[in-house]
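Data block below; observations after.
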Amino acid sequence: MTEKMIPLLPCRDVQPVVDFYTALGFEVTYLQKSPYAYAVVERGTMELQFFAMKEYDPAESYSGCYILTDEVDALHERFRAGWKAAFGKVPARGIPRMGPVREMSYGVRQFIVTDPAGNSIRIGQPNGGGPDHAPPPKETFARALHFAVTFADSKEDPEAAVKVLDRVLALRNEKPTAVQRFRILVLRGDLAHRLGRDEEAADWLAQAAEVPLDEAERAALTDETRRLAELRQ
């Protein structure tokens, strides 16, 4: 016996959603205009279905789904490339938007795409950990990063993540390592950008770029270095 589960997601108008997913490399396999608007998009084994609601507000959406893949980084790059080709710069805030690839504490490496309907599509690759959250580190700055990343890129609560990072950045009796400081500053700049505070974001990112790192440290910061470059474009 074989089963397949297909997410059925709301939108205000199917055409912007169809255009968006087509840019990401999906194929429109069904499009209905009457008696009500309905669309199906597919990419490999991924299938999403959408129905229109005239009074639907994307900003109030809580809808979404989780997609598991074995090539999360390649998919992230393909989605970004398709988005850029169709619409220009890939936004990190507003609707639609796309987040960075992150190693999460609950056993996946993931990124989040929010489509024009406000649906949150989480795409992750198992990284060998279990589905439960790993215990938070005891060391001050590692612990702060643990919670800030969870708030920023799982709960999608940038304000809560800012509070965590600002608290440790204000410490005077403890200092982060260079790697920790770089990660904190890049994430802090990312959060400021998501909140629409572009001048503040530029300052945090400039500070991150000035952190002295040796070759081994830079090799351990591939995700953060990529994110810094994306945000400074």
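Given the structure is predicted, the values throughout are model-derived calculations rather than measurements.
Q110 and Y66 form a side-chain donor-acceptor contact under 3.5 Å, judged by distance and modelled atom types alone. In this structure, a donor-acceptor pair under 3.5 Å is present between the side chains of E103 and N127. For the residue pair S120 / Y62, no side-chain donor-acceptor distance below 3.5 Å is found, with atom types taken as modelled. Between the side chains of T150 and Y106, no donor N or O sits under 3.5 Å from an acceptor N or O.
Using a cut-off of 4.0 Å between Lys/Arg side-chain N and Asp/Glu carboxylate O, K54 and D13 are scored as not salt-bridged. Checked for salt-bridge contact, E55 and R12 miss the test: no charged N lies under 4.0 Å from a carboxylate O. Of the charged side-chain nitrogens involved, at least one lies within less than 4.0 Å of a carboxylate oxygen, so that E230 and R227 count as a salt-bridged pair. The existence of a salt bridge linking R194 and D157 is excluded, since no basic side-chain nitrogen approaches an acidic carboxylate oxygen closer than 4.0 Å. Ion pairing of R181 with E210 is absent here, as no side-chain N (NZ or NE/NH1/NH2) approaches a carboxylate O to less than 4.0 Å. The residues R218 and E224 are annotated as not salt-bridged, no charged nitrogen and carboxylate oxygen being separated by less than 4.0 angstrom.
R122 places a side-chain N or O within 3.5 Å of a backbone atom of S154 that can act as its donor or acceptor partner. For Y21 (side chain) and D115 (main-chain N/O), no donor-acceptor pair under 3.5 Å exists by modelled atom type.
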* To do: I would like to know whether V101 and R109 meet side chain to side chain contact (heavy atoms under 4.5 Å, CB included); could you show each step before the answer?
  => CA-CA 7 Å; V101 182; R109 178 171 172 79; 3.5 Å; yes
* To do: Apply the test side chain to side chain contact (heavy atoms under 4.5 Å, CB included) to residues I123 and I121: give CA-CA distance (whole Å), side-chain angles for both, the deciding distance (0.1 Å), then the verdict.
  => CA-CA 6 Å; I123 302 171; I121 312 300; 4.2 Å; yes
* To do: Applying side chain to side chain contact (heavy atoms under 4.5 Å, CB included), run through Q125 and L68 and close with a yes or a no.
  => CA-CA 6 Å; Q125 178 175 351; L68 287 175; over 6 Å; no
* Asked: Under the side chain to side chain contact (heavy atoms under 4.5 Å, CB included) criterion, do T225 and F182 qualify, and how do the steps go?
  -> CA-CA 9 Å; T225 301; F182 184 82; 4.0 Å; yes
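Atom OH of Y36 sits about 5.5 Å away from atom CD of Q32, to the nearest 0.5 Å. Between E174 atom CD and T140 atom OG1 the span is 3.5 Å, to the nearest 0.5 Å.
Annotation: F26 is not in aromatic contact with F20 [ring centroid separation under 6.0 Å not met].
Tested against R102, the residues D73, D223, D153 include a single salt bridge (Lys or Arg N to Asp or Glu O under 4.0 Å) partner, D153.
Within 6.0 Å of atom CD in E71, more than 12 heavy atoms from other residues, nucleotides or ligands are found, so the atom counts as buried in its surroundings.
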